[in-house]
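One structure below.
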Amino acid sequence: MKTTGCFHDSKWDIEIKIIRKEVDCMVKNKFDFDEVLDRRGTASEKWDFMKERFGYEDLLPLWVADMDFRSPQPVIEALVSRAKHGVFGYTGLTQPYYDSVISWYKRRYNWAIRKDWIVFTPGVIPAIAYAIRSFTNPGDKIIVQTPVYYPFFNTIEANGRQVLENPLKFKNDHYEMDFDDLEKKAKDPRAKMMILCSPHNPIGRVWTRKELTRLGEICIENGLLVISDEIHSDIRYPGIVFTNFATISGEFANSSITCTSASKTFNLAGLQISNIIIPNDKIRQNFQNAVSTMGMDLPNSFSGLAVQVAYDRCGTWLDQLLTYLKGNLDFLKEFIKKNIPEVKVIEPQATYLVWLDFRKIEPDPEKLQKLLLKDAKVAFVEGNIFRSGGDGFERINIACPRSVLKRALEQMARVLKDGR
Ligand SMILES: Cc1ncc(COP(=O)(O)O)c(C=O)c1O
């Protein structure tokens, strides 16, 4: 049998030694985000499961929140080297891994996370499910701000809890929290938890420190645990300031669980790893118990390495990505203004997801989705599944080469113009 070399000679092992500090080899290399990759046949949820999801196969898919870009080259090389080693036994998270996560949050957010606050889970949705099971009882109510990322509903309801909606206010093409309504909902004796989507999917808001402070005070006053889902926080447009909920005060840190991940940032969702930050010892121990009880406390052989290399070496790749996404956003706004001005773009402050208002063209969600799927042959996410306030809207994912985005917009414009 041919051997692939000793583990200690491997390239990734050497890399591990040098990545304590940011050694950004991407600085000189400009990444080509225009390259169109064929993702079909990779069991991609976005490209290979359209028939199951939408009933059609030949669509241009701009739906699931992952990107049609390759991950940064240092991540790919580290994973290839690791794969060549060929032994995929049980794997843990090393000190350098934790150093990378801690350093990322210190550098990018000025948030001093301690190693013992970090709990591994195989994703943010699993983390939310563990939190629901650990800190609420069947029948309890969990507050969410609709329209919002729809798997929250299923995670709440499949665990026998109830969704309590605190709908966002939509005025002059801008979303705001409704604090009067939140105060009422938080007083409901069955309300035990709030899932904060920050930045907010699908409407793209980055909540201000003032908004987060008011929300946190209401939750603390009423004894609600806040789950702050910050999975999209790295993807922000120029000049937008983000505040981690837990950094607002010691009391906020003590009454919250922050869900973080490198998965949106570096397109690693299929590796299934997230870092859940829980400063409160008691809450963390309960949460960790829930994770361990389900036997989900070990990562796979690739995920920790990918995150470590991404955080240590790929900051410049992310900066280039953000520039490209801003270009896509500007392109989309310009295209819609010129070709289908009846469609309103709700400009995101963060995320590569854009919330489009089609109500002037077709307010009926079913008719709208049929128009887009059957006639325009594009797959976006239908607004009504984000619940209240979603009818007549669609969520489009712009994390794709500009040529693909252009094609999707042209297909959509042709059909919508014909229908006018
Ligand atoms: C707000 C939000 N939370 C969680 C997730 C899913 O996270 P994970 O894949 O880590 O479960 C997504 C994915 O789109 C998301 O948008």
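Counting starts at 1 for both ligands and their atoms, in listed order. Numbering starts at 1 and runs along the sequence shown.
Per-residue contacts place Gly123 under 4.0 angstrom from the following atoms of ligand 1 (heavy atoms of the residue considered): 10 (O), 11 (O). Here is the list of ligand 1 atoms found below 4.0 Å of a heavy atom in His232: 1 (C), 15 (C), 16 (O). Distances below 4.0 Å separate heavy atoms of Ala65 from the following atoms of ligand 1: 14 (O). For ligand 1, the atoms lying closer than 4.0 Å to a non-hydrogen atom of Asp229 are 1 (C), 2 (C), 3 (N), 4 (C).
Residue contacts with ligand 1 for Cys259 are absent, since no atom lies close enough (heavy atoms, distance under 4.0 Å). Of all the heavy atoms of Val124, the ones lying under 4.0 Å from any atom of ligand 1 are found in both the backbone and the side chain.
Ligand 1 has Cys197 within reach: a non-hydrogen atom of the residue lies less than 4.0 Å from it. Using 4.0 Å as the threshold, Pro122 has no heavy atom nearer than that to any atom of ligand 1. Residue contacts with ligand 1 leave out His200, since none of its heavy atoms falls under 4.0 Å from the ligand.
A salt bridge is defined here as a Lys NZ or Arg NE, NH1 or NH2 lying under 4.0 Å from an Asp or Glu carboxylate O, and Lys264 with Asp234 fails to meet this definition. Ionic pairing of Arg70 and Glu35 is present here: one or more N-O contacts between side-chain nitrogen and carboxylate oxygen are shorter than 4.0 angstrom.
Applying the side-chain hydrogen bond (donor to acceptor under 3.5 Å, both in side chains) rule to Asp357 yields the partners Arg359; only residues at least two apart in sequence or on another chain are considered.
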